[in-house]
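Below: the structure, in structure tokens.
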Amino acid sequence: MDIPKRYDAKEAERRWQIFWETEGIYKFNPADTSPIYSLDTPPPTVSGEMHIGHAMAYIQADTIMRFQRMLGKSIFYPFGFDDNGLATELYVEKKTGRLAEEMSRHEFVELCLKESELAEKRLLEDWKSLGISPDWDMSYRTTNEWCRKTSQRSFIQLYNKGRAYRKYEPTVWCPKCGTAIAQVETEDKLLPSTLYDITFNVEGEDLFIATSRPELLPACVSVFYHPTDERYKRYAGKNAKVPLFGHEVPIMADEKADPESGTGIVMCCTAGDSTDVEWWKTHNLPWISVIDERGKMKAEAGKYAGLRIKNARKAIVEDLAEQGLLNDKADISHTVNVHERCGTAVEYIMTKQWFIKYLDLKDLFLEAGAKLNWYPPYMQSRYDNWVKGLKWDWCISRQRYYGISFPVWYCEDCEFEVIAGEKDLPVVPSEDAPPIDKCPKCGCDRFKPELDVLDTWATSSLTPQIAAKWQEDDSLFNRIYPMSLRSNGHDIITFWLFNTVVKGLLHENEIPWKDVIINGFVLDPKREKMSKSKGNIIKPQVSIERYSGDALRFWACSAKLGEDLPYEDKELRRGVKMINKLWNASKFTLLHLDGYDLKLDELEVTDRWLLSKLNRLIGVCTDSFNDYEFSNVKKTLENFFWHTFCDVYLEIVKDRLYTPERGEEAKRSAQYTLYVALLAMLKMMAPIMPHITEEIYHVYFAEKENCKSIHISKWPELVGSMIDETVEETGDKAEDVISAVRKYKTLNKKALNAQISRVLINCDKETEVQLESTCADLKATLHADVIEFGDAEDNIITEKYEFKLRVDW
RNA sequence: GGGCCCGUGGUCUAGUUGGUUAUGACGUCGCCUUUACGAGGCGAAGGUCAUGCGUUCGAAUCGCAUCGGGCCCA
């Protein structure tokens, strides 16, 4: 057998990745009737690089899939890119330096498609370098024909169920992007601002109201104070006159007015924030719209019409001051709800939008959350809290260019909604004709296309349906859905996970998966969140280049589910060491297995000791993988391999392998044990380190097992009869003696192979019988001429069993 | 402000249905070429388990409070 001295990870990893792909090792076989195990992977957005957080999450999920594959399941493991929506538009605009407004809609869409395809080609190489094992032939991008069809079909079916509807609503709106956005696409930012104390007038009397948004004065529709606030109770039922604009608004009491904030009395405008919207709803207030879709003041703002929001604010403040209506102003910092993608403060604008009606289904959603198996379990409460706090239906329309079209046209006269036929999907209403000639309601024959596009989550919430060929291949879909597993970041439980549950329930009346694993974040070595501005980003490609993919995988598996993992170079270096150790230990083992025929007479005690422990290990690793505790597999396996197998067992059996005088039987017993143990350890390590284990497997075991790849070989079976408590105790006692003598040699500055003339062991009779049975191995390992039992003045006491020993040089 | 999670040697971490001396790794120090590996082996030092109170025969583990950190939501 010719085994190279060194293992070249960089060369080998590329070689095996190509081998797996060309040999179709991970291909899904629809004809395979084994139970299916499926994974709903997050399609990464093409707008960014693959970052270290992606790497961790994909690797963790991949270990599970590799484990399940070795259990003999039929693996359904798709991979997709999300190149849909606003994120891609912004990426393309930034990359090409051209704005969507500068060209025709068609041109911009083509540009986005072209750029995202380029990005995907580049990104795909990054993802493959992680050594993950999806069936690449099942790859998709969310803008391809099939996804567009699926997404539009979902919309049409929800429309037919009365779940999709269109209406005027105050909508969270980004004036910079000029689009409606979802609640979840906003975030709160602490920003500096000015609080203006403005003079209103109540029956000739001054009333001071504090606001940071005086430009909304024309949209003021009422004034609120807290019901218990004695200062303002006397105003109940009266009207306040709005300065500069002169209209009168009612003064009312409401719990949501904070007596501590500003002057304790607050104006309600349509609409500065979500509280304004709530007041508008609960108190049936009129809606005055003063800001347009692009953040300019409308005609309702009178002389300020046409000004941008900030300029209008400035002008109004100046006018107030001039007229003596500005009582006071103070610099403050307060939280502002901004669009997370561009940082612009959001507005609430009254527009016609498409919604998915689901507020009536909260109980159903909570039930679904309870049906899912959450790993870790406490993540369910994030989902629950989100569902309980929902206030609006799901707004699914976006006023953008690049995205999946609504399959909808409107009658130009009566706004009648014309929906595409499912057989015509996918459609682009701005380019395709509607399925009817005349409006069934008014007879008009002119139609206008819906130009809005679907929210990107409206599509990515269909990943199970997209992957499993929903309503295209029923037999496949029925076998796949609900899927076995969803892998999800904890930051997107409230959108990607929740929205997928919503679609699953609305379409299939069933939860989309059985199990959900939630992975944590990767932090920088100082345990701080990585961000571009801090400059502490770690690129996985650099880590792979420097330490290898297996080393990165080894690191990624050290975090438990849900837990954040700090990135540390030393942990990657440990992975490199592990690869090296696996290589060297295997090299040694396999050299001694050359020509071995797997024949066995009887096992030596120390061999039975190792095999007993090995079978326990198999039990632990199998259970841990089944519970998605890959970090426990990694830790337990690493410790067993390194310490028990390499440091103790290999040293014990060397003599039997090298010294013919020990006898053929003793050698064969060692060979059998080495074969079984190394093979089992490699297989259990394979999901974590797929390349090095494959390399070693092919040096020897592939031929023996007649199997093309370790990753489709059989997972080690726990043989209960091999677990033997007595043998384990015997071996543990021998190990205790070995480590005591090693310690003695070290303390006396002797080499571990220094010869000793005698070891005298003072122990009870039972132990004596036990140790006797390992005497030949003990003598060889300790390099002792004789081992004797009996009373004597001791010079060492063992750690674990506290035997008294005497070592004579 | 609400919800959830986390605080264990210098650093990262195991252990959390209460029960011997709290696990392992990195780092530090000392010793050693075990016919696989010096990218290795053997060993040493280093922890009042964030703090306080409580429950208990017994608490890293359970309860309460405080302090600190993180994530999500408002």
Side-chain angles (χ1 to χ4, degrees), chain A residues 3 5-7 183-184 186-188 256 258 260 273-275 278 335 337 374 376-391 489-495 498 518 520-521 523 525-529 547 551 555 558-560 562-592 629 631-632 634-636 638-640 642-643 645-648 650-655 657-659 674 678 738-755 780-783 799-800 802:
Chain A
I3 308 175
K5 196 163 166 54
R6 297 258 179 219
Y7 166 73
Q183 216 175 323
V184 290
T186 68
E187 63 184 6
D188 284 350
K256 282 201 180 285
D258 180 5
E260 304 294 318
D273 58 26
S274 63
T275 312
E278 273 180 57
T335 47
N337 204 217
W374 296 80
Y378 60 76
M379 288 296 178
Q380 193 197 331
S381 57
R382 299 212 179 172
Y383 172 95
D384 287 353
N385 287 331
W386 171 255
V387 172
K388 286 175 194 159
L390 279 176
K391 282 184 193 156
H490 63 57
D491 51 332
I492 51 173
I493 290 174
T494 53
F495 21 148
F498 172 66
I518 306 290
F521 273 173
L523 306 173
K526 289 181 194 144
R527 308 212 104 231
E528 282 173 25
K529 201 172 166 177
Y547 301 109
W555 159 80
S558 56
K560 287 192 286 190
E563 283 198 353
D564 294 344
L565 179 65
Y567 178 89
E568 292 191 273
D569 267 352
K570 65 174 196 202
E571 200 59 30
L572 277 279
R573 271 184 253 122
R574 205 170 141 198
V576 173
K577 283 184 176 185
M578 184 66 184
I579 292 167
N580 188 245
K581 190 80 172 173
L582 274 168
W583 181 251
N584 284 311
S586 301
K587 197 171 64 185
F588 169 80
T589 303
L590 297 181
L591 275 170
H592 290 284
E629 286 172 2
S631 67
N632 200 39
K634 182 212 155 193
K635 182 167 56 88
T636 318
E638 182 189 15
N639 184 48
F640 179 87
W642 203 298
H643 183 249
F645 183 75
C646 292
D647 295 345
V648 181
L650 286 185
E651 293 304 329
I652 289 175
V653 292
K654 265 181 187 170
D655 187 56
L657 297 168
Y658 282 118
T659 315
L674 288 172
L678 181 64
I738 290 170
S739 63
V741 174
R742 280 173 168 176
K743 182 170 174 173
Y744 185 76
K745 286 182 176 177
T746 297
L747 291 176
N748 285 283
K749 306 191 177 184
K750 295 280 205 249
L752 290 177
N753 62 350
Q755 197 66 24
T781 315
L782 301 176
H783 298 268
E799 293 263 309
K800 196 173 165 194
E802 299 182 357

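A note on names: the letters A, B, ... follow the listed sequences, proteins ahead of strands, and every chain is numbered from 1.
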**Study point:** Distance, C1' atom - from B:U28 to B:G63, rounded to whole angstrom
**Key:** 40 Å
**Study point:** Candidate nucleotides B:U34, B:A36, B:A39, ranked by approach to the side chain of A:A585 - the nearest
**Key:** B:A36
**Study point:** P gap between B:G10 and B:G1, integer Å
**Key:** 33 Å
Study note, to complete from the structure: Ranking B:G41, B:C73, B:C71 by distance to the side chain of A:K581, first place goes to B:G41
Practice item. Have a look at A:W642 and say if it touches a base, only the backbone sugar-phosphate, or nothing, with a 4.0 Å heavy-atom cut-off. Key: sugar-phosphate
Practice item. State which of B:C72, B:A39, B:U34 makes the closest approach to the side chain of A:K654. Key: B:U34
Review point. Looking across every strand, which nucleic acid part, if any, lies under 4.0 Å from A:D564 by heavy atom: base, sugar-phosphate, or nothing?
Key: sugar-phosphate
Check your understanding: So does A:K577 get a side-chain nitrogen or oxygen closer than 4.0 Å to the phosphate oxygens (OP1/OP2) of B:A25?
Key -> no
Review point. Side-chain N or O of A:K5 less than 4.0 angstrom from OP1 or OP2 on B:A39?
Key: no
Point to revise | Any-strand Watson-Crick or G-U partner of B:U17, both distances under 3.5 Å | key: none
**Study point:** CG-OG1 distance between A:L674 and A:T589, expressed to the nearest 0.5 angstrom
**Key:** 5.0 Å
Exercise for review: Scan A:D647 against the nucleic acid and name what it touches under 4.0 Å (heavy atoms): base, sugar-phosphate only, or nothing.
Suggested key: sugar-phosphate
Check your understanding: So does A:K749 reach the base of B:C32 with its side chain, donor to acceptor, closer than 3.5 Å?
Key -> no
Check your understanding: What distance, rounded to whole Å, do you find between the two C1' atoms, one in B:U8 and one in B:A50?
Key -> 10 Å
Revision key, fill the gap. When both distances are under 3.5 Å in a Watson-Crick or G-U wobble arrangement, the nucleotide paired with B:U34 is none
Check your understanding: For A:S381, does its backbone N or O pair with a side-chain atom of A:N385 as donor and acceptor, under 3.5 Å?
Key -> yes
Exercise for review: Of all the heavy-atom pairs spanning A:I579 and A:A551, show the shortest one and how long it is.
Suggested key: CD1-N, 3.9 Å
Practice item. Identify which nucleotide among B:C4, B:U34, B:C31 has an atom closest to any side-chain atom of A:S381, counting heavy atoms from C-beta outward. Key: B:C4
Practice item. Determine the interatomic distance between P on B:A65 and the same-named atom on B:C73; round to the nearest Å. Key: 26 Å
Practice item. Any strand is fair game: report the nucleotide pairing with B:C49 by Watson-Crick or G-U wobble, both distances under 3.5 Å, or none. Key: none
Practice item. Kindly indicate whether the side chain of A:K635 and the base of B:U13 share any N or O donor-acceptor pair separated by less than 3.5 Å? Key: no
Review point. Distance between the P atoms of B:U48 and B:C12, in whole angstroms?
Key: 16 Å
Review point. How long is the line joining OH of A:Y7 and C1' of B:A36, in whole Å?
Key: 17 Å
Exercise for review: Figure out the CD/P separation between A:E568 and B:U13, and round it to whole Å.
Suggested key: 8 Å
Practice item. Measure the acute angle between the ring planes of A:H490 and A:F521, then classify it against the limits of 30° and 60° as parallel, tilted or perpendicular. Key: tilted
**Study point:** Assigned partner base of B:G58, Watson-Crick or wobble definition, under 3.5 Å
**Key:** none
Review point. Between B:C73, B:U34, B:G40, which nucleotide gets closest to the side-chain atoms of A:A751?
Key: B:U34
Check your understanding: Base, sugar-phosphate alone, or nothing: which one does A:Q380 contact when heavy atoms must sit under 4.0 Å apart?
Key -> nothing
Practice item. Using a 4.0 Å heavy-atom cut-off across all strands, classify A:S739 as base, sugar-phosphate, or nothing. Key: sugar-phosphate
Point to revise | For atom CG of A:L657 and atom P of B:U34, their distance in whole Å | key: 19 Å
Practice item. Identify whether any heavy atom of A:N753 sits under 4.0 Å from a base atom; if not, whether one sits that close to sugar-phosphate; answer base, sugar-phosphate or nothing. Key: sugar-phosphate
Practice item. Tell me whether the OP1 or OP2 atom of B:C5 has a side-chain N or O from A:K560 closer than 4.0 Å. Key: no
Review point. RNA chain B: A:R382 or A:K750, which has the more 5' nearest nucleotide?
Key: A:K750
Practice item. Could you tell me the separation between the NZ atom of A:K800 and the P atom of B:U20, rounded to a whole number of Å? Key: 15 Å
Review point. Which part of the nucleic acid, if any, lies within contact of A:L650, taking any heavy atom under 4.0 Å across all strands shown: a base, the sugar-phosphate backbone alone, or nothing?
Key: base
Check your understanding: Can you tell me how far P of B:A36 sits from CG of A:D655, to the nearest Å?
Key -> 12 Å
Revision key, fill the gap. Note: for A:V576 and A:K587 on RNA chain B, the residue whose nearest nucleotide lies more 5' is A:K587
Exercise for review: Taking atom P in both B:G47 and B:G58, compute the distance separating them and give it to the nearest angstrom.
Suggested key: 26 Å
Exercise for review: Could you check whether A:Y658 gets within reach of a base, just the sugar-phosphate, or nothing at all, counting any heavy atom under 4.0 Å?
Suggested key: base
Check your understanding: CG of A:L523 versus C1' of B:U13: gap in Å, rounded?
Key -> 14 Å
Check your understanding: Between A:H592 and A:Y658, how do the two ring planes meet: parallel, tilted or perpendicular, split at 30° and 60°?
Key -> perpendicular
Review point. Taking CG from A:L747 and C1' from B:A45, how many angstroms apart are they, rounded to a whole number?
Key: 14 Å
Point to revise | Side-chain H-bond candidate by donor/acceptor type, A:K587 with A:N584, under 3.5 Å | key: yes
Study note, to complete from the structure: Out of B:A44, B:U34, B:C12, minimum distance to the side chain of A:K743 belongs to B:A44
Review point. Looking at the rings of A:Y547 and A:W555, which for Trp means the six-membered one, are their centres under 6.0 Å apart?
Key: no
Practice item. Establish, yes or no, whether the cationic atom of A:K388 lies under 6.0 Å from the six-membered ring centre of A:Y383 and within 45° of the ring axis. Key: no
Check your understanding: For A:P376 and A:I518, which heavy atoms make the closest approach, and how far apart are they?
Key -> CD-O, 3.9 Å
Exercise for review: Send over the distance from A:R574 CZ to B:G27 C1', rounded to a whole Å.
Suggested key: 13 Å
**Study point:** Euclidean distance for C1', B:U35 against B:G27 (whole angstrom)
**Key:** 33 Å
Practice item. For the side chain of A:F588, starting at C-beta, report the closest nucleotide among B:A39, B:U34, B:A36. Key: B:A36
Practice item. Pick the C1' atom in B:C71 and in B:A36, then give their distance to the nearest Å. Key: 46 Å
Check your understanding: Whom does B:C67 pair with, Watson-Crick or G-U wobble, provided both distances fall under 3.5 Å?
Key -> B:G7
